[in-house]
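Notes follow once the structure below has been shown.
One-based numbering, in listed order, for ligands and for the atoms of each.
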Amino acid sequence: MKLQVTQAKEITGEISVPGDKSISHRAVMLGALAEGTTEVTNFLMGADCLSSIDCFRKMGIEFSRPDNNIIIIQGKGLDGLSEPEDILDVGNSGTTIRLMMGILAGQSFFATVTGDSSIRRRPMGRVAGPLRDMGAHIDGRQNGSTAPLAVRGGTLRPIEFNSPVASAQVKSAVMLAGLYAAGETLIREPHRSRDHTEKMLAYLGAEIEVSDNVVKIKGRPNLVGKPVEVPGDISSAAFFLVAAAAMPGSRLTVKRVGINPTRTGIIDVLRNMGAKITIHNEDVVNGEPVGDITVLGSELKGTVIEGSLIPRLIDEIPVITVAAAAASGETVIRDAAELKVKESNRISTMAVELGKLGARVTELQDGMIIRGGCTLKGAVCQSHDDHRVAMSVAVAGLLARGETVINNVECIRISFPGFAETLAGFAKCTYV
Ligand code: S3P
């Protein structure tokens, strides 16, 4: 499938975006491990989160869908999962495979996990390593570091783990294994990554302590099912926030979006680039802050993005490169080597695709330099089967003269069903 996007005049109006992907995954997994019912509203019915549901169904958990974006999970407690008869297939979802490995490490059964060709290229040793240290048996391709992976769980011991990467998936896998270890598991990360697992575990009754970059969790808690409202996904909102910010005269509000500070790097960066952003109607749902975000378009200028900011906007870097191409001056992104091991190598895929539209991007080992101030022109581009690349190029298409075509956009359903329909509210946007 191809998506054709034409240049927009301005991005003005009010939209909402689907539920947060990270929080939806955690609701599935922690709802399964809690005792009793967890009703999840505004659940993201994206392909990745449906993969999480599918895997936990294969381990004996019942899910129902009484309404479009609502799921009800019948949790069975920490020891309620059963051995899956077949391979657990996570599709394209890194969050599913890594977090689920943490849970599988604590089970008294055997499971095999795999995913699509992108998942089978991505590094899993970063999760398998600490889980082995806790006592799990994990083997797989490339010396047990890539999927398919076989996990035989068992009795786990708590560890003190210094994570070499600021990764919420690694941190969460060890925390979830820590639920099964007798005693306290400690995780330290180089920079703080998103803390949705900590927040949801605390909400459902776990004993968890967080200070700076350190998390401590006590094993064998009593998790109890509770209602969960999933905030709108700031990573999905980011596509439209960038489009509006980069187009003078625009005024866009995105309603009820998650504004957890571990995720709001995109707001900080757009403000640094000169956008006017306000947040209103603030609220807290199941420990997660939410609010309406309003952005006014202006002439953006280049910026520097590095260090502890990186994990706070890692998934937004593809669309930030679009803002940078439209801005005046130079934008430098450093300390972001993690981009190379996402759904695609996002340093090279974004450099190549933006280059086709006329942007000047230099790849670095751990980031990129974007020289702004040139006029973008429509072109024929590729998604590289990466949902965020596909949507970022579509946003570039809103800013580019003429028409942009993006090939292979099926992947958009991974995180943002309805993206094209929302985009069509601002410019001509059709599947061709
Ligand atoms: C996620 C964490 C991030 C992010 C991914 C979702 C999560 O990955 O890129 O899209 O839900 O925990 P890392 O933790 O590997 O950086």
Problem - Asp335 (side chain) donor-acceptor with Gly307 (main chain) under 3.5 angstrom - result: yes
Handout entry: Check: Val284 main-chain N/O paired with Glu288 side-chain donor or acceptor under 3.5 Å
Key = no
List of N/O pairs, ligand 1 versus protein, all under 3.5 Å?
{"unit_1": "ligand 1", "atom_1": "8 (O)", "unit_2": "Lys342", "atom_2": "NZ", "d": "3.1"}
{"unit_1": "ligand 1", "atom_1": "9 (O)", "unit_2": "Asp315", "atom_2": "OD1", "d": "2.7"}
{"unit_1": "ligand 1", "atom_1": "9 (O)", "unit_2": "Asp315", "atom_2": "OD2", "d": "3.4"}
{"unit_1": "ligand 1", "atom_1": "9 (O)", "unit_2": "Lys342", "atom_2": "NZ", "d": "2.7"}
{"unit_1": "ligand 1", "atom_1": "10 (O)", "unit_2": "Asp315", "atom_2": "OD1", "d": "3.4"}
{"unit_1": "ligand 1", "atom_1": "10 (O)", "unit_2": "Asp315", "atom_2": "OD2", "d": "2.7"}
{"unit_1": "ligand 1", "atom_1": "11 (O)", "unit_2": "Ser22", "atom_2": "OG", "d": "2.7"}
{"unit_1": "ligand 1", "atom_1": "11 (O)", "unit_2": "Arg26", "atom_2": "NH1", "d": "2.9"}
{"unit_1": "ligand 1", "atom_1": "11 (O)", "unit_2": "Thr95", "atom_2": "OG1", "d": "3.4"}
{"unit_1": "ligand 1", "atom_1": "12 (O)", "unit_2": "Arg26", "atom_2": "NH2", "d": "2.6"}
{"unit_1": "ligand 1", "atom_1": "14 (O)", "unit_2": "Ser167", "atom_2": "OG", "d": "3.0"}
{"unit_1": "ligand 1", "atom_1": "14 (O)", "unit_2": "Ala168", "atom_2": "N", "d": "2.7"}
{"unit_1": "ligand 1", "atom_1": "14 (O)", "unit_2": "Gln169", "atom_2": "N", "d": "2.9"}
{"unit_1": "ligand 1", "atom_1": "15 (O)", "unit_2": "Ser167", "atom_2": "OG", "d": "3.1"}
{"unit_1": "ligand 1", "atom_1": "15 (O)", "unit_2": "Gln169", "atom_2": "OE1", "d": "3.4"}
{"unit_1": "ligand 1", "atom_1": "16 (O)", "unit_2": "Lys342", "atom_2": "NZ", "d": "3.0"}

Completion exercise
All heavy atoms of Pro123 vs all of Val341, minimum pair found to be CD-CB, 3.7 Å
Handout entry: Under 3.5 Å: donor-acceptor pair, side chain of Arg312, backbone of Ser193
Key = no
Handout entry: Any donor-acceptor pair under 3.5 Å from Arg121 side chain to Thr146 backbone
Key = no
Exercise for the section: Look at atom CD of Glu62 and say whether more than 12 heavy atoms of other residues, nucleotides or ligands are closer to it than 6.0 Å. Expected result: no
